[in-house]
Amino acid sequence: TGGAAAIRGFLVQTMVALLDIAQADPPFIDITMEPDEGQDQFDFTWSDASGHFAVQVKSSVNQFSLPSATKWAKALQQARTTAQSKAQCKLILVGHFHAKMQGVTQIDTPHGKVAVEQKNLDLDGLLREAAHLLGEFMDTQGQHSGSAAQRLLTVKSLMGQLLLGSTNSTTMSRDDF
């Protein structure tokens with residue numbers, strides 16, 4: 001189960017990255033999966049006209065607790081500070097949540113605030129959400145978004161591209177997509 005859990009974690013991380021950039025407003029400029037900065041705390045970084053964002057994704061079949069989320073948020077902000085980055089930090093948790101996590105959208109740390117986003121661990125649902133957001137994005141760009149099946153295939157292709165880029169911390173621009 002260790003291998004399956006690791007692969008699921010990378011898939012979730014990649015889907016979440018795609019979701020983040022698909023709904024970026026203003027539109028994203030570039031994205032780097034597994035960047036060399038941030039002491040391995042940043043799973044991906046991306047930028048848009050408003051700034052730079054550093055994101056850590058945690059997925060688990062177990063329940064997320066507030067103390068664990070706080071510990072990860074502190075480590076994320078500490079890595080941002082050490083890297084002398086001006087990035088805005090976000091912790092995205094994908095799984096099941098303890099009752100004390102209900103309504104938590106940010107965690108204050110000694111080094112600044114970390115935005116928190118919670119998602120259900122539903123791979124098919126994340127794929128459908130990404131395909132839907134891709135359609136919305138394409139519509140705003142004046143491009144034909146295609147059928148639901150075509151959007152799903154496009155999302156899977158984009159995920160493959162992001163996964164390949166993560167093997168050597170390649171920064172990909174919007175034009176690369």
Side-chain angles (χ1 to χ4, degrees), residues 1-61 64 72 76 79 83 85 87-96 115-177:
T1 62
I7 291 169
R8 183 190 64 239
F10 287 122
L11 282 173
V12 167
Q13 176 180 309
T14 305
M15 281 189 255
V16 166
L18 191 55
L19 288 170
D20 240 22
I21 62 174
Q23 57 192 342
D25 185 23
F28 85 102
I29 296 169
D30 58 35
I31 183 169
T32 305
M33 301 294 294
E34 299 296 335
D36 291 331
E37 63 180 307
Q39 303 168 326
D40 288 330
Q41 291 296 311
F42 305 161
D43 290 326
F44 62 94
T45 58
W46 63 276
S47 61
D48 65 16
S50 71
H52 190 65
F53 305 87
V55 183
Q56 183 180 70
V57 180
K58 297 283 190 186
S59 64
S60 178
V61 295
F64 288 109
W72 296 322
L76 186 59
S85 171
Q88 298 173 46
C89 293
K90 181 170 21 174
L91 175 63
I92 301 177
L93 304 174
V94 183
H96 308 284
V116 177
E117 190 174 320
Q118 300 176 33
K119 293 187 168 294
N120 291 324
L121 183 56
D122 174 7
L123 297 181
D124 290 333
L126 289 170
L127 278 171
R128 284 191 299 274
E129 183 181 358
H132 174 74
L133 288 173
L134 174 68
E136 285 183 357
F137 173 78
M138 292 179 76
D139 289 344
T140 64
Q141 301 301 303
Q143 297 179 354
H144 177 65
S145 60
S147 68
Q150 290 169 323
R151 288 190 306 273
L152 195 54
L153 283 174
T154 302
V155 162
K156 290 176 181 179
S157 174
L158 292 171
M159 286 175 54
Q161 194 170 353
L162 288 169
L163 281 168
L164 281 173
S166 72
T167 63
N168 59 4
S169 302
T170 301
T171 297
M172 293 172 267
S173 72
R174 272 182 56 150
D175 293 339
D176 293 332
F177 287 87

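This structure is a prediction, so every number in the text was calculated from the model and none was measured.
- Counted by atom type alone, D30 and T171 present zero donor-acceptor pairs between their side chains at under 3.5 Å.
- With rounding to the nearest 0.5 Å, the separation of CD in Q118 from NE2 in H96 is 12.5 Å.
- Residues M172 and G165 come closest through the heavy atom pair CE-CA, 3.9 Å.
- Between the side chain of T45 and the main chain of A54, no donor-acceptor pair closer than 3.5 Å is present.
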| request: Go through the steps for Q56 and I92 under the test side-chain contact (heavy atoms from CB on, under 4.5 Å), then give the verdict. | output: CA-CA 6 Å; Q56 183 180 70; I92 301 177; over 6 Å; no

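- No more than 12 heavy atoms of other residues, nucleotides or ligands lie within 6.0 Å of CZ in F10, so this atom counts as exposed by the packing criterion.
- In plain terms, the two heavy atoms of M159 and T14 that are nearest each other are O-CG2, 3.5 Å.
- With contacts defined as side-chain heavy-atom distances shorter than 4.5 Å, the pair V116/K90 does not qualify.
- Contact check for V94 versus L121: side-chain heavy atoms found under the 4.5 Å cut-off.
- In this structure, W46 and F53 have parallel ring planes: the angle between them is below the 30° cut-off, well short of the 60° mark.
- Panel note: side chain Q143, backbone M138; no donor-acceptor pair is recorded below 3.5 Å.
- Taking every heavy atom of both residues into account, R151 and G146 meet most closely at NH1-O, 2.7 Å.
- The environment of CG in N120 is sparse: at most 12 heavy-atom neighbours from other residues, nucleotides or ligands sit within 6.0 Å.
- Panel note: side chain Q161, backbone D176; a donor-acceptor pair is recorded below 3.5 Å.
- Using a 4.5 Å heavy-atom threshold, the side chains of I21 and F137 count as separate.
- In plain terms, the two heavy atoms of D139 and S145 that are nearest each other are OD1-OG, 3.5 Å.
- Every residue was checked against the side chain to side chain donor-acceptor pair (under 3.5 Å) condition with K58, not counting sequence neighbours, and none meets it.
- Pairing each heavy atom of A17 with each of M33, the nearest pair is CB-SD, 3.7 Å.
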| query | Would E117 and V16 satisfy side-chain contact (heavy atoms from CB on, under 4.5 Å), going step by step from the backbone distance to the final call? | reply | CA-CA 10 Å; E117 190 174 320; V16 166; 6.0 Å; no

What pairs of donor and acceptor atoms, side-chain ones from residues 126-135 against any protein atom, are under 3.5 angstrom apart with sequence neighbours left out?
unit_1 : atom_1 : unit_2 : atom_2 : d
E129   : OE2    : K119   : NZ     : 3.4
H132   : NE2    : E136   : OE2    : 2.8

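- Checked by atom type, the side-chain pair N168/T170 shows a donor-acceptor distance below 3.5 Å.
- Looking at heavy atoms from C-beta onward, D20 lies in side-chain contact with F44 at the 4.5 angstrom threshold.
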